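Report on the structure given below.
Indexing begins at 1, ligand by ligand and atom by atom, following the structure's order. All of these numbers come straight from a predicted model, not from anything done at the bench.
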Amino acid sequence: MKKLLIAGIVGLMAVTVSVRAGDPKSQYEQSCAKCHGADGKGDTKMGKKLGARDYTDAKVQADMKEDAAFKAIKEGLKDADGKSLMKAAADISDDDIKALVTYMRTFKQ
Ligand code: HEC
C-alpha cells in the first residue's frame, strides 16, 4: 500500500513537471491556434469571425505591446461593445504567459 502511494506521488510529480515545462508551442497549438492559426495569421473560421489580426505582419507585431498582450492572455479580451473576443486563459502561470507572448513574436516575418 505504501509503495503504491509513493508510486502515485512520483507519478503526480512527473505530470506536474511536464506541464510546467510545457513548451509554448504546444500550449499555443492547444489553446490559441483555433483562433490565431498555427502560423499566427488568424486565418481560421473563428479567427476571421472574431477579427484576429495577422501576427506575421510586422505592423501588427509593433502594435502588440508586451503588457497589453500579457493582460489579454491573463484576463481575456473584450471588444468595444463588451463582447468577449478571447477568454482568459485558465491554469496558466505568468511565466507561461510570457513564453506565449515570446512565441507569438516568432510569427513575425
Ligand atoms: C476565441 C478565439 C481566440 C482564442 C482561443 C485566443 N485568442 Fe487571442 N485574440 C483573439 C481576438 C479576436 C483578438 C483581438 C484581435 C487581435 O489582436 O488579433 C485576440 C488578441 C490577442 C492578443 C493581442 C492583445 C493586444 O493587446 O495586442 C494576444 C497577445 C493574444 N490574443 C494571444 C492569445 C493566446 C496566447 C491565446 C491562447 C492562450 C489566445 N490568444 C487565444 C481571439 C482568440
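Only the side chain of Ala72 comes within contact range of ligand 1, with a heavy atom under 4.0 Å; no backbone atom does.
For atom 37 (C) of ligand 1, the nearest non-hydrogen atom of the protein is Cys32 SG, 1.8 Å. Closest protein heavy atom to atom 26 (O) of ligand 1: Ala68 CB, 3.6 Å. In this structure, atom 5 (C) of ligand 1 lies nearest to the protein heavy atom Ser31 O, 3.4 Å. Considering only non-hydrogen protein atoms, atom 15 (C) of ligand 1 sits nearest to Gly51 O, 3.4 Å.
Each of the atoms 13 (C), 14 (C), 19 (C), 20 (C) of ligand 1 lies under 4.0 Å from some heavy atom of Leu77. Within the listing of ligand 1, atoms 29 (C) sit less than 4.0 angstrom from a heavy atom of Ala69. When each atom of ligand 1 is checked for a heavy atom of Leu50 under 4.0 Å away, the hits are 1 (C), 2 (C), 12 (C).
Residue contacts with ligand 1 include Ile73, since one or more of its heavy atoms lies under 4.0 Å from the ligand. Ligand 1 lies nowhere less than 4.0 angstrom from a heavy atom belonging to Phe70. Within the 4.0 Å heavy-atom shell around ligand 1 one does not find Gly42.
The closest side-chain heavy-atom distance from Lys59 to Arg53 is not below 4.5 Å. Contact check for Asp43 versus Lys48: side-chain heavy atoms found under the 4.5 Å cut-off.
When the heavy-atom distances from atom 21 (C) of ligand 1 to Met86, Lys49, Lys48 are ranked, the shortest goes to Met86. The nearest non-hydrogen atom to atom 18 (O) of ligand 1, considering only Arg53, Gln61, Met104, comes from Arg53.
Looking at every heavy atom in both residues, Ala52 comes nearest to His36 through CB-ND1, 4.1 Å. When all heavy atoms are compared, the tightest approach of Phe107 to Tyr55 is CB-O, 3.4 Å.
With a cut-off of 2.8 Å, atom 8 (Fe) of ligand 1 has no N, O or S atom of Cys35 in range.
Of all N/O/S atoms in His36, NE2 sits nearest atom 8 (Fe) of ligand 1.
Arg105 contributes a side-chain N or O that, together with a main-chain N or O of Gln61, makes up a donor-acceptor pair within less than 3.5 Å. Formation of a donor-acceptor pair under 3.5 Å by the Lys83 side chain with backbone atoms of Ala80 is not found in this model. A distance-only check finds no donor-acceptor pair linking the side chain of Thr44 to the backbone of Gly37 [under 3.5 Å].
Between Tyr55 and ligand 1, at least one pair of N/O atoms sits closer than 3.5 Å.
By the criterion of side-chain heavy atoms lying less than 4.5 angstrom apart, applied directly or through intervening Ile, Leu, Val, Met, Phe, Trp or Tyr residues, Leu85 is grouped together with Met104 in one hydrophobic cluster.
The structure places CG of Asp95 at 11.0 Å from CG of Leu100, a figure rounded to the nearest 0.5 Å.
By the 6.0 Å contact criterion, NZ on Lys25 is open, its count of non-hydrogen atoms from other residues, nucleotides or ligands being 12 or less.
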